[in-house]
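So you know, we letter chains A, B, ... as the sequences are listed, proteins then strands, and number each from 1. Because the structure is predicted, anything quoted here is derived from the model rather than measured.
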Amino acid sequence: MAEIMKMSILRYRPETDEKPVWQSYDVPYNHETSILDALGYIKDELDPTLSYRWSCRMAICGSCGMMVNGQPKLGCKAFLRDYAGGELKLEALANFPIERDLVVDMSDFIAKLESIKPYIITQEPRSLDDGCTTQTPKQMEQYKQFSMCINCGLCYAACPQYGLDNKFTGPAALALIHRYNNDTRDQGKAERMKFINEEAGVWGCTFVGNCSVVCPKGVDPAAAIQLGKVESAKDYVIQMFKPGE
Amino acid sequence: MSKRKPYTREMKADWWRKDSFFTMYIIREGSSLVIALYCFMLIAGLFSLTQGQSSFETWLGFISHPITIVFQVLTLVWTLYHSYTWFQLAPKAANLWMGEKRVPDSWIVNAMYAALAGCSALGLIILFL
Amino acid sequence: MSRSHEPIFWGLFGAGGMVAALILPIFIVITGLLYPLGIIPAELLAYDRIFAFASSWWGALILLVVICFPLWLSLHRLYHCLHDFKIHAGVRTQTVFYGIAYTATIASIVLVLVL
Ligand code: SF4
Ligand code: FES
């Protein structure tokens, strides 16, 4: 038999609400019910006006991020059974403006991801005749986990430095720089170092470390940023001996 | 006309009290407060050393005062918390490899604890030398 | 885009973090517990002994490392904490914070040199 969970959701309807307000729903659930399923139940059975984002239902599209009892989670990867006996409070992803209900405006995050040249850059164009590029397992290990990012933004919601000042490039984008800079096929490191070396680059980070805790894909942005600091420090010393640059 | 009206939630100055992870972060950073005071206490000791024996003995009296002892115990606990967090995060700032395999995080953390034990033992040896 | 000068302070912060994590605890144990509670003989911290230690080149070096680097750790962290507490700090505040670490470093060096 299904049990009942009380779910409070922070609603915000821009055309009527001055500021967000809490609204509660009673939702039946069983062992398999994810938070995303529960939101579907609310929308279908209780309140069709509720807005939220989703697509894949399997932790790969990155669109269902939200705050679950204050922690950034993917709605499709969090289950009601883990909150049994308690109450659930859902809120739009922290540190982003609320567009409507659980939907946030992610444009700043997306712009940052795009700005850091997240693609392989080669000096000479390669042709099919060059054949495939080989990498040893060790070379691949240098960047593989950082390529698992699904751009869900949970790490930005977990990062107080981004919340305090959104000029900070932030965890996922800095991890993405690390991902390309450490790929043996890439030759764009010099171009990307500019983004790292900035105040708003790796130096905006005080190593709170929460980004790596909340990432649903096992990416470790905090590690990427610390290694980025080491790289930036080396780069700093090198430029001291190259005046005029 | 756009119906958009994005709502920005302000982060208040006490944001770190709302979440235990953030509270522990501020406690970690807060260790620097007592560490700085303790270093100033050592500088005072160094200064008293340049001023001759009686001045140094006044400093020894100062560090033995109950209030100073309480302060130092607090500093010790807080510094050890700094050590714990520093060791815990150390593997993230290192990209160490042994041949084709990455050095396990636990090795780095354990090496740090061993170094703490080593430095402490060395400190006592020098003291008794 | 401008390059940050943070690497300098971060380097000193890193060194300070290491020293505070590894070496500082035994210092605090000695000055805060072993000596004042009489667990070790008081002569171990007698003026002559400490004077000899601090005037040897290696003793002076140990003292400088233990005193100065943790101060750079501390003032770096305290400065960044201002931002965490939403206190807006400009270049002037930054100069004051790192200036304290700088002045204390110079003062310590002068003190061990006059010994
Ligand atoms: S690093 Fe992790 S938490 Fe951050 S956007 Fe990528 S998948 Fe999401
Ligand atoms: S619905 Fe795609 S990640 Fe959750």
Can [X] and [Y] be counted as having a side-chain donor-acceptor contact under 3.5 angstrom?
X        : Y        : answer
A/Asp235 : A/Asn197 : yes
B/Arg102 : B/Asn95  : yes
A/Tyr236 : A/Glu231 : no

Quiz item: If you tally heavy-atom pairs under 4.5 Å against chain A, which of B/Lys3, B/Arg28, B/Lys101 wins?
Solution: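 The option with the most such pairs is B/Arg28.
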Practice problem: Please state whether the side chain, the backbone, both or neither of B/Trp97 comes within less than 4.5 Å of a heavy atom of chain A. | Solution: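 Looking at B/Trp97, just its side chain touches chain A.
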Quiz item: Which bit of B/Asp19 is near chain A, if near means a heavy-atom gap under 4.5 Å: side chain, backbone, both or neither?
Solution: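 The answer is the side chain of B/Asp19.
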Please classify the contact between [X] and chain B as side chain, backbone, both or neither, with a heavy-atom cut-off of under 4.5 Å.
X        : value
A/Val213 : side chain
A/Thr206 : both
A/Glu18  : both
A/Asn210 : both

Quiz item: Any salt bridge between A/Asp183 and A/Arg179, counting N to O under 4.0 Å?
Solution: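 Looking at A/Arg179 together with A/Asp183, the answer is yes, because their closest N to O distance falls below 4.0 Å.
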Counting neighbours of [atom1] on [X] that are heavy atoms of other residues, nucleotides or ligands and sit closer than 6.0 Å, is the number greater than 12?
X        : atom1 : answer
A/Lys112 : NZ    : yes
A/Lys43  : NZ    : yes
A/Trp54  : CH2   : no

Counting heavy-atom pairs closer than 4.5 Å to chain B, which one of [options] comes out on top?
options                               : value
A/Ser212, A/Ala224, A/Gly163, A/Pro20 : A/Pro20
A/Ala158, A/Pro97, A/Gly209, A/Pro137 : A/Pro97
A/Gln142, A/Lys19, A/Arg100           : A/Gln142

